[in-house]
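Worksheet: one structure, shown below.
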2 protein chains.
Amino acid sequence: MGTTKKEHFTERQNEIAILAKALGHPARVAILDYLLKVNACICGDIVNELPLAQPTISQHLKELKNAGLIKGNVEGNAICYCIDEKGLGKLKDYFEIMMNTLEIKKNECC
Amino acid sequence: MGTTKKEHFTERQNEIAILAKALGHPARVAILDYLLKVNACICGDIVNELPLAQPTISQHLKELKNAGLIKGNVEGNAICYCIDEKGLGKLKDYFEIMMNTLEIKKNECC
DNA sequence: ATTATTTATCGTAATATTGCGATATAGTTT
DNA sequence: AAACTATATCGCAATATTACGATAAATAAT
């Protein structure tokens, strides 16, 4: 018990869930916001930008990276992080399709 | 410890996180998929559609509802659930803006 | 070589999530 | 009213997440 029953759902459903889950924390939304704002590989800054301890941020970065929402490259003694368009694109496509389908079907409802 | 430090983030970051978190489970993605597919208020069916026990599904429905992704209306002794366009729309807008900004800025990166 | 800087990992406490059996609630049917 | 149907809630066990201090690892600067 306590474990998500991934095996019962489709590949796509699991993929969307993993991506959405990675964004399911305000610190991680804030990290994406920041990476987008500065528009580049960011080496270092992130820890100073957020009101969380360094190990905590490192952990959040790892989760975003594992989910495919950011990329990280070693650059000297720092690590450069930036947005991974692929992950973000998948989510954008998903919601776009959902909303389009809703509009087409008119969502006659309650 | 263990609690998310919501108070340190913006209203919008928290809102996106709450919506994304609600979709951060394949069962909940599957529920949205199903509601979209049948394109109506669904009274009853959901439990038969998913490989999870009734109390578990009830819990997932509650989370989707709390996050603002679905609506539920009492209809006789059943409850009709359907997609709430507002929540889905917010996520769609968020990802659209993110991707647009990325394109404009060209995302020069690693 | 020593020191400083940057990021990751370990360990751990607090809390949250997932899943479900048992049971409650509320409306429907007979 | 009794039985049935649909959904919610309670309580609990298993597991996952969040946060951070301490510490490690790896490169840079002195």
Side-chain angles (χ1 to χ4, degrees), chain A residues 1-9 13-14 17-31 34-35 41-67 69-82 110, chain B residues 1-9 13-14 17-31 34-35 41-67 69-82 110:
Chain A
M1 248 179 273
T3 335
T4 295
K5 291 185 153 186
K6 294 187 184 184
E7 62 283 6
H8 294 151
F9 303 98
Q13 285 165 345
N14 281 310
I18 286 169
L19 286 164
K21 192 175 185 178
L23 256 144
H25 190 292
R28 296 194 288 267
V29 176
I31 289 172
Y34 182 62
L35 288 178
C41 303
I42 274 313
C43 313
D45 280 7
I46 300 178
V47 172
N48 305 316
E49 275 298 311
L50 294 182
L52 293 168
Q54 179 267 323
T56 308
I57 291 173
S58 187
Q59 206 175 299
H60 283 307
L61 287 167
K62 195 177 172 186
E63 277 170 71
L64 284 169
K65 200 174 155 193
N66 286 343
L69 284 167
I70 64 173
K71 293 182 284 188
N73 279 52
V74 181
E75 187 116 341
N77 68 339
I79 292 190
C80 285
Y81 282 109
C82 60
C110 322
Chain B
M1 249 178 273
T3 334
T4 295
K5 291 185 155 186
K6 294 187 185 182
E7 63 284 5
H8 293 152
F9 303 100
Q13 286 165 346
N14 281 309
I18 286 169
L19 287 163
K21 192 174 185 177
L23 257 145
H25 191 292
R28 296 194 289 266
V29 176
I31 289 173
Y34 181 63
L35 287 179
C41 303
I42 274 314
C43 313
D45 279 6
I46 300 179
V47 172
N48 306 316
E49 275 297 313
L50 294 182
L52 293 170
Q54 180 268 322
T56 308
I57 292 174
S58 187
Q59 204 175 301
H60 283 307
L61 287 167
K62 195 177 170 187
E63 277 169 72
L64 284 169
K65 200 172 156 196
N66 286 343
L69 284 166
I70 64 174
K71 292 182 283 186
N73 280 51
V74 181
E75 188 117 339
N77 68 339
I79 292 191
C80 286
Y81 282 109
C82 60
C110 321

According to a strict under-4.0 Å criterion, is [X] in side-chain N/O contact with OP1 or OP2 of [N]?
X       : N      : answer
A/Lys21 : D/dT17 : yes
B/Tyr81 : D/dA6  : no
A/Thr56 : D/dC20 : yes

Categorize A/Ile57 for me: base, sugar-phosphate, or nothing, with a 4.0 angstrom heavy-atom threshold over every strand shown. nothing
Look at all strands and tell whether A/Ser58 reaches a base, only sugar-phosphate, or nothing, counting heavy atoms closer than 4.0 Å. base
By nearest nucleotide on DNA chain C, pick out whichever of B/Thr3 and B/Ala53 is the more 5' one. B/Thr3
Between A/Thr4 and A/Lys65, which is nearer to the 5' end of DNA chain C once each is assigned its nearest nucleotide? A/Lys65
Considering heavy-atom distances to DNA chain D, does A/Asn77 or B/Pro55 have its closest nucleotide positioned more toward the 5' end? B/Pro55
Map A/His60 and B/Leu61 onto DNA chain D by nearest heavy atom, then report which one ends up closer to the 5' terminus. B/Leu61
Is any side-chain N or O of A/Gln54 under 3.5 Å from a base N or O of C/dA8, one able to act as donor and the other as acceptor?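 Between C/dA8 and A/Gln54, which were checked side chain against base, a qualifying N/O pair under 3.5 Å is present.
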Between the base of D/dC20 and the side chain of A/Gln59, is there a donor and acceptor pair under 3.5 angstrom? yes
Just the rounded figure in Å: distance from [atom2] of [N] to [atom1] of [X].
X       : N      : atom1 : atom2 : answer
B/Leu64 : C/dT17 : CG    : P     : 13 Å
B/Leu50 : D/dT7  : CG    : P     : 13 Å
B/Asn48 : D/dT5  : CG    : C1'   : 12 Å
A/Glu75 : C/dT7  : CD    : P     : 11 Å
B/Ile18 : C/dA16 : CD1   : C1'   : 14 Å
B/Leu52 : C/dG21 : CG    : C1'   : 15 Å
A/Glu63 : D/dA19 : CD    : P     : 10 Å
A/Lys6  : C/dG19 : NZ    : P     : 11 Å

Applying the side-chain contact (heavy atoms from CB on, under 4.5 Å) criterion to A/Tyr81, which one of A/Asn73, A/Ile70, A/Ile31 satisfies it? A/Ile70
Distance from [X] atom [atom1] to [Y] atom [atom2], nearest 0.5 Å?
X       : Y       : atom1 : atom2 : answer
B/Ile79 : B/Lys71 : CD1   : NZ    : 15.0 Å
A/Asn14 : A/Leu19 : CG    : CG    : 11.0 Å
A/Leu64 : A/Ile57 : CG    : CD1   : 11.5 Å
A/Leu61 : A/Ile46 : CG    : CD1   : 5.0 Å
B/Leu52 : B/His60 : CG    : NE2   : 5.5 Å

Close residues, residues 22-31 of chain A, relative to DNA chain C [heavy-atom separation under 4.0 Å]: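 Contacts with DNA chain C under 4.0 Å: none.
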Identified side chain to side chain donor-acceptor pair (under 3.5 Å) counterpart of A/Glu63 within the set A/His25, A/Lys21, A/Arg28: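 Among A/His25, A/Lys21, A/Arg28, the one meeting side chain to side chain donor-acceptor pair (under 3.5 Å) with A/Glu63 is A/Arg28.
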Compare all side-chain heavy atoms of A/Ser58 with those of A/Gln54 and state whether any distance is below 4.5 angstrom. yes
